[in-house]
Amino acid sequence: MSPLHVSVAVLAVFAFAACGVSADKDKFKCKLRPADIPKEWVSMVDPCVKKMREQVQTELTASMTYLAMAAHFSQDTVNRPGFAEHFFKSASEEREHAIKLIEYLLMRGQLTKDVGDLIKDPRPKGDVTSWVDGVSALKDALKLEASVTNNIRDIVAVCEDPGESKFNDYHLVDYLTGDFLDEQYKGQRELAGMISTLDKMMHSHGAIGEFLFDKKLLG
Amino acid sequence: MKGLFCFVAAALLVALASAETGSFCYGDVNMKCSSSADEAVAIPNCNAVYGGAASAMEQLSNYVNTHITRSFQYLLMSTHFGSYEANRPGFEKLYRILSDQNWEASLGLIKHMTKRGGKMNFNYREADNLANEPAKKEVYELHELGSLARALDIQKSLAEEAFHIHHTCSAKDPKHHDAELTHYLEENFIEKQADTIRNLAGHTSDLKNLLKSSDSSLSMFLFDEYLFNKLSG
Ligand SMILES: [Fe+2]
């Protein structure tokens, strides 16, 4: 081991060992006494929480899918900087959606345990990382958004009527409907419009059509 | 007219050179434009590839994938401190910023790889040098000092991975040497990583000293508040 590795290891061992069980007089008080907090306000029910947690992974899978599209259109021999910019932006937006869901769950008193299960190594959907042309990527994007929209509608259904507990989560349902679904429908209309414009040109003016459309995306 | 002559002369020279080595774009184009066969447009040497960058693309793909993984790990650490039970807005913010930085770094790297004629491979992953540490299952519900130790380990391993790629691109052998890539790594990764590591090491030292008292709850509250204010400013 290099001296640097040794020092990293020593520091890590030091930090963790010092916090473990030890009768040592000058051990650190790393773990504080947990507070006694009433639980009545933590009102979300399990089936609804489970759906929301799954949606975090769904948003990150969408994010990785868009990142793969961005990487594809960035290549020198593909050279579609407009498409690349569009998909890089989409990738970061999907990551923001996942963060918004996490922030909502935290606000409602969730995510006090099993935090590690929330994100499971998200990858591009179906491991697809190349597309024959711009319009086929846009079509994949629209299909992806349609499936995400369905997922959000599923959460709404479960959180409105979670079975036995009969706890209708009005606030969450309102948030998902007013915020997430609103963005989904607007985003889908935008993608459908893009596909409409580009697809019309592809048959007889494919090469110049995609070239011009790409520059239009660059703004 | 004179200009045109020079252009043709230069073009001829390039064509001659390519006839010898067979690895120039101009040669490909000439072949393509003179042949009567109407095949698919293939001009294999017309790309952005030069220098040693091509030989570093696997390592760079791994570096992107590592940054994405670390970004999600930091997001989970941030999530833990954002819960009402942990309730440390300063730590929450610290790890959220590190998550954002790692995410942005991965996007920047992909842009740079493709600038240099490379292709990002989302499946190329070398063994995680921080896996199974500190436990078999990744632990995110850490106490404050433990989380700083974890972040310090992560940032050091990212910095050392940058050194490793830099080392490959600094090789004398022209297959690997790439001055542009070493410069990019220095400017966008290596310099920033030194600052991040020093900051985290400083926080670790401060917190370690604060934890020596018999009840550190007040120290922890004040330290977290300091972190939050510092990162919000
Ligand atoms: Fe989304």
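Numbers restart at 1 for each chain; the letters A, B, ... are given by sequence-line order, proteins then strands. These numbers come from the heavy atoms of this one structure, side chains and all, not from hydrogens, waters or symmetry mates.
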**Q** Please state whether the side chain, the backbone, both or neither of A/Pro124 comes within less than 4.5 Å of a heavy atom of chain B.
**A** side chain

**Q** In terms of heavy-atom proximity below 4.5 Å to chain A, should B/Asp100 be classed as side chain, backbone, both, or neither?
**A** both

**Q** Which bit of A/Leu111 is near chain B, if near means a heavy-atom gap under 4.5 Å: side chain, backbone, both or neither?
**A** both

**Q** Let's test your reading of the structure: which of A/Ile102, A/Val78, A/Thr129 forms the most heavy-atom pairs below 4.5 Å with chain B?
**A** A/Ile102

**Q** Counting only heavy atoms not in A/Phe211, do more than 12 sit closer than 6.0 Å to its CZ atom?
**A** no

**Q** Mark yes when over 12 heavy atoms from residues, nucleotides or ligands other than A/Lys113 sit less than 6.0 Å from its NZ; otherwise mark no.
**A** no

**Q** What are the two closest heavy atoms between A/Ser63 and B/Trp103, and how far apart are they?
**A** OG-CH2, 3.2 Å

**Q** Given the rule in the side-chain contact (heavy atoms from CB on, under 4.5 Å) test, do A/Val115 and B/Met77 qualify, once you have shown the distances and angles that lead to the verdict?
**A** CA-CA 8 Å; A/Val115 170; B/Met77 285 163 72; over 6 Å; no

**Q** How far does CD of B/Gln73 sit from CD1 of A/Ile119, to the nearest 0.5 angstrom?
**A** 9.5 Å

**Q** Taking all non-hydrogen atoms of both residues, which atom of B/Met220 and which atom of A/Cys30 are closest, and how far apart?
**A** CE-O, 4.2 Å

**Q** Counting heavy-atom pairs closer than 4.5 Å to chain B, which one of A/Thr77, A/Asp127, A/Asn79 comes out on top?
**A** A/Asp127

**Q** Please state whether the side chain, the backbone, both or neither of A/Ala91 comes within less than 4.5 Å of a heavy atom of chain B.
**A** both

**Q** With a 6.0 Å cut-off (strictly less than), is the heavy-atom count around NZ of A/Lys100, excluding the residue itself, greater than 12?
**A** yes

**Q** Taking every non-hydrogen pair under 4.5 Å, which of B/Ser99, B/Cys46, B/Ser78 racks up the most with chain A?
**A** B/Ser99

**Q** In terms of heavy-atom contacts, does CZ of B/Arg125 have more than 12 from other residues, nucleotides or ligands at under 6.0 Å?
**A** yes

**Q** Given a strict heavy-atom distance threshold of 4.5 Å, which part of A/Leu105 is in contact with chain B: side chain, backbone, both, or neither?
**A** neither

**Q** I need the minimum non-hydrogen distance between B/Phe122 and A/Arg123, along with the two atoms involved.
**A** O-NH1, 4.2 Å

**Q** Return the minimal non-hydrogen interatomic distance between A/Ser92 and B/Leu107, and the atom names on each side.
**A** OG-CD2, 3.6 Å

**Q** Heavy-atom pairs under 4.5 Å with chain A - which of B/Glu92, B/Glu85, B/Met120 has more of them than the others?
**A** B/Glu85

**Q** Output yes when B/Arg96 and A/Glu96 qualify as a salt bridge under the 4.0 Å nitrogen-oxygen rule, no when they do not.
**A** yes

**Q** Work out which heavy atom in A/Ala71 is nearest to a heavy atom in B/Thr114; give both atom names and the distance.
**A** O-CG2, 3.8 Å

**Q** Relative to chain B, which segment of A/Ile37 carries a heavy atom at a distance below 4.5 Å: side chain, backbone, both, or neither?
**A** side chain

**Q** Would the distance check show the side chain of A/Gln75 and the main-chain N or O of B/Gly118 forming a donor-acceptor pair, the cut-off being under 3.5 Å?
**A** no

**Q** B/Leu148 versus chain A, heavy atoms under 4.5 Å apart: side chain, backbone, both or neither?
**A** neither

**Q** Does some side-chain heavy atom of A/Val42 sit less than 4.5 Å from a side-chain heavy atom of B/Tyr84?
**A** yes

**Q** When only pairs under 4.5 Å are counted, which of B/Ile110, B/Asn123, B/Leu76, B/Thr69 shares the most heavy-atom pairs with chain A?
**A** B/Leu76

**Q** With rounding to the nearest 0.5 Å, note down the distance linking CG in A/Leu106 to OG1 in B/Thr79.
**A** 6.0 Å

**Q** Name the member of B/Glu104, B/His80, B/Lys111 that forms the most heavy-atom pairs with chain A at distances under 4.5 Å.
**A** B/Lys111

**Q** Please test A/Arg95 against B/Ser71 for side-chain contact (heavy atoms from CB on, under 4.5 Å), starting from the C-alpha separation and ending with a verdict.
**A** CA-CA 11 Å; A/Arg95 177 176 173 270; B/Ser71 168; 3.9 Å; yes

**Q** Short question: side chain of A/Asp76, backbone of B/Ala48 - any donor-acceptor pair under 3.5 Å?
**A** yes

**Q** Should we say atom NZ of B/Lys175 is surrounded by more than 12 heavy atoms from elsewhere, each under 6.0 Å from it?
**A** no

